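Computed from a prediction, not measured in an experiment: that's the story for all the values here. Whatever order the structure lists them in is the order used to number ligands and atoms, beginning at 1.
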Amino acid sequence: MQSINPFTGQVICDYSEYSSTEVEKIIAKVDQAFHSWKLTSFEQRAVFMKNLQARLLVKKEELAGIIVSEMGKVKREAIGEIEKCASVCGFYAENAQYFLKNEPIKTEASESYISYQPIGTVLAVMPWNFPFWQIFRFLAPALMAGNSGVLKHASNVSGCALAIEQLVCESGFPENVFRTLLIGSKEVKSVIENPLIKAVTLTGSTPAGRSVASAAGAALKRSVLELGGSDPYLILEDADIETAARLCVTSRLLNAGQSCIGAKRFIIADQVYDSFKAEFVRLMSAAKFGDPLDLETSIGPLARVDLREELHLQVEKSREMGATILLGGFIPEGNVPFYPPTVLENVVPGMPAYHEELFGPVAVLFKFKTEEEAIRIANDTVFGLGAGVYTSDIENGKLLAEKGLEAGCVFVNDFVKSDPRLPFGGIKESGYGRELSMIGIREFVNVKTIVVK
Ligand code: NAP
């Protein structure tokens, strides 16, 4: 398992995969740790979680440096990612007890209530694109609920995986409550089958989700899947076009476009199509790619060379099938896997850019005449993660958000962001289950009914 700096091309480290015997031993230790961890009070858990929050903030420069070197995120965004991890630790340290408190229910019995109990060791299979945030939004609620966890991180960010394990250890959590497994994706099935693993959560692509869901299904274990997205944004006739274009471009270019909830398809009212397009293309072309450590850089390289090849193929195939390239759409000179901000129009069903997730700084513009047509285009996808609506008619925006758009979250006059206070997740092939908020911490607990006669 190699970590390669996408900007310099240098191998940072060659990691040896753990053997199956090592993996089994670690899981046994994590399970053992669970049995005492589950008995700790929320107050005790919160002390460790707050320590973890503080460690993240103290070490944010160093940790952001690992992110930058392993997957090429610009440093400014990497620091923001670490700060967000600290905030989710604080959020669950403060709220877990309230989210999981006993809930009385009136019956004929003298007492009846719901008690939320931890279930054991949860496996987290995670992606490289937010190599700290994805882990912390699992880790913080899982540990605060009294579960233990093992992490199988993406193979190109093992440095991040080991740094997270060390951080948890440094924060005073009991030994083995959270461990990293350096293993490839082929080993995931046998980990899921291990009787000491009680549930699995995966954030990643739809094919990986299918594979993990089928292994979890066969083993009758609970799973949460956070998968890909092709988020549509409706720009209505009455939208503030400048603001809409600015926020849409920000979302499309965040993390060099490698975000599940990046705005990807822009469905624009006929009357404002030209003005939105002009402003959108102008802002996309103003973004500069370069050294991710340089604070002036807006977009770093893509995380791996193969990911750029895949993205360019999607653009090229769409172009050959009749799509128009308004901006970008070429491989820049040099060995660094940069991809320029790219804008496509005249994209129709059958083209990769119409159906597939574009995991890079590539935007697709569509034109609509009626709101029904806009909704039809927006929902004409296998994905259902996030969506946006820009309009000055808030009531209509809410109506389209609630009743029209098929997505797990819809933002009106803003772009979709994850927030510890709000549930996060998708529908359709974007997955199932929710992370974050009260709903997220309740995904991996035993909802236990207690009745006293
Ligand atoms: P990926 O290739 O699916 O990998 C994600 C994780 O799954 C990695 O740890 C990977 O391990 C593992 N994996 C891959 N194939 C597997 C299989 N067949 N069985 C078990 N595990 C498997 O995804 P990625 O390229 O890292 O991340 C990009 C994708 O994640 C995009 O589609 C993006 O939209 C999605 N994503 C979704 C969310 C969300 O919240 N919905 C958030 C972020 C990203 P290896 O690295 O060893 O292959």
| query | When you measure from atom 14 (C) of ligand 1 to every protein heavy atom, which one gives the shortest distance, and what is it? | reply | Ala208 CB, 3.7 Å
| said: Could you check whether any side-chain N or O of Gln314 sits under 3.5 Å from a backbone N or O of Glu357, counting only pairs where one atom can act as donor and the other as acceptor? | reply: yes
| Can a salt bridge be assigned to the pair Arg210 and Glu429 using a cut-off of 4.0 Å between side-chain N and carboxylate O? | yes
| request: Using a strict 4.0 Å threshold on nitrogen-to-oxygen distance, state whether Glu165 and Arg179 make a salt bridge. | output: yes
| Under 3.5 Å, N or O to N or O, is Trp128 touching ligand 1 that way? | yes
| Heavy atom of Phe130, distance to ligand 1 below 4.0 Å | no
| query | In the protein, which heavy atom is nearest to atom 12 (C) of ligand 1, and how far is it? | reply | Val125 CG1, 3.7 Å
| message | If you take the centroid of each ring, where Trp contributes its six-membered ring, are Phe99 and Phe91 closer together than 6.0 Å? | response | yes
| task | Please assess Val224 against Tyr432 for the test side-chain contact (heavy atoms from CB on, under 4.5 Å), listing each intermediate value before the final yes or no. | result | CA-CA 6 Å; Val224 166; Tyr432 50 75; 5.7 Å; no
| Charged N to carboxylate O under 4.0 angstrom, Arg246 versus Glu279? | no
| field | The one among Gly229, Ala213, Ser205 that brings a heavy atom closest to atom 1 (P) of ligand 1 | value | Ser205
| query | Heavy-atom distance to atom 44 (C) of ligand 1: which of Asn129, Leu182, Asp231 wins? | reply | Asn129
| note | protein heavy-atom neighbour closest to atom 40 (O) of ligand 1 works out as Arg137 NH2, 2.7 Å
| request: List the closest protein heavy-atom neighbour of atom 32 (O) of ligand 1: residue, atom name, distance to the nearest 0.1 Å. | output: Glu357 OE1, 2.7 Å
| task | Looking only at distances, please establish whether an N/O atom of ligand 1 is found under 3.5 Å from an N/O atom of Lys152. | result | yes
| field | Residue Leu202 vicinity, atoms of ligand 1 by number, heavy atom under 4.0 Å | value | 7 (O)
| task | Working to the nearest 0.5 Å, report the span between CG of Leu56 and CD of Glu83. | result | 10.5 Å
| message | Give the atom numbers and elements of ligand 1 that come within less than 4.0 Å of a heavy atom of Val212. | response | 20 (C)
| request: Specify side chain, backbone, both or neither for Phe359, according to which of its non-hydrogen atoms lie closer than 4.0 Å to ligand 1. | output: side chain
| task | Compute both the distance and the angle, then confirm whether Lys417 meets the cation-pi test with Phe424: under 6.0 Å from the six-membered ring centre, within 45 degrees of the axis. | result | no
| message | Using a 4.0 Å cutoff against the non-hydrogen atoms of Val188, which atoms of ligand 1 qualify? | response | 20 (C), 21 (N)
| said: Using a 4.0 Å cut-off to any heavy atom of Leu385, which atoms of ligand 1 qualify? | reply: 41 (N)
| message | Looking only at protein heavy atoms, which one is nearest to atom 18 (N) of ligand 1, and what is the separation? | response | Ser211 OG, 3.3 Å
| message | Within the 4.0 Å heavy-atom shell around Gln134, which atoms of ligand 1 are there? | response | 42 (C), 43 (C)
| query | Which pairs count as ring-ring contact (aromatic ring centres under 6.0 Å, His included) when at least one residue sits in residues 202-227, sequence neighbours excluded? | reply | none
| note | Checking heavy-atom distances from atom 37 (C) of ligand 1 to each of Leu227, Thr206, Val200, the winner is Leu227
| request: For the pair Val343 and Leu365, evaluate side-chain contact (heavy atoms from CB on, under 4.5 Å) and give the outcome as yes or no after the intermediate values. | output: CA-CA 7 Å; Val343 184; Leu365 307 186; 3.8 Å; yes
| Residue and atom name of the nearest protein heavy atom (relative to atom 45 (P) of ligand 1), distance in Å to one decimal | Ser155 OG, 3.5 Å
| query | Only one of Ile67, Thr297, Val68 clears side-chain contact (heavy atoms from CB on, under 4.5 Å) with Lys75; which? | reply | Val68
| request: Would you mind telling me which of Glu81, Glu443, Glu435 makes a salt bridge (Lys or Arg N to Asp or Glu O under 4.0 Å) with Arg137? | output: Glu435
| field | From the candidates Gly204, Pro127, Gly209, the one that places a heavy atom nearest atom 30 (O) of ligand 1 | value | Gly204
| Nearest-neighbour protein heavy atom for atom 42 (C) of ligand 1, which is reported as residue plus atom name and distance | Cys260 SG, 2.9 Å
| Got the closest protein heavy atom to atom 8 (C) of ligand 1, with its distance? | Met126 O, 3.3 Å
| field | Given Phe366, Phe280, Tyr390, the one that forms side-chain contact (heavy atoms from CB on, under 4.5 Å) with Phe266 | value | Phe280
| By side chain to side chain contact (heavy atoms under 4.5 Å, CB included) - contacts of Ile4 (at least two apart) | Gln2, Val11
| request: Check each atom of ligand 1 against the heavy atoms of His153 and keep those under 4.0 Å away; list them by number with element. | output: 9 (O)
| said: Can you check atom 4 (O) of ligand 1: any protein non-hydrogen atom closer than 4.0 Å? | reply: no
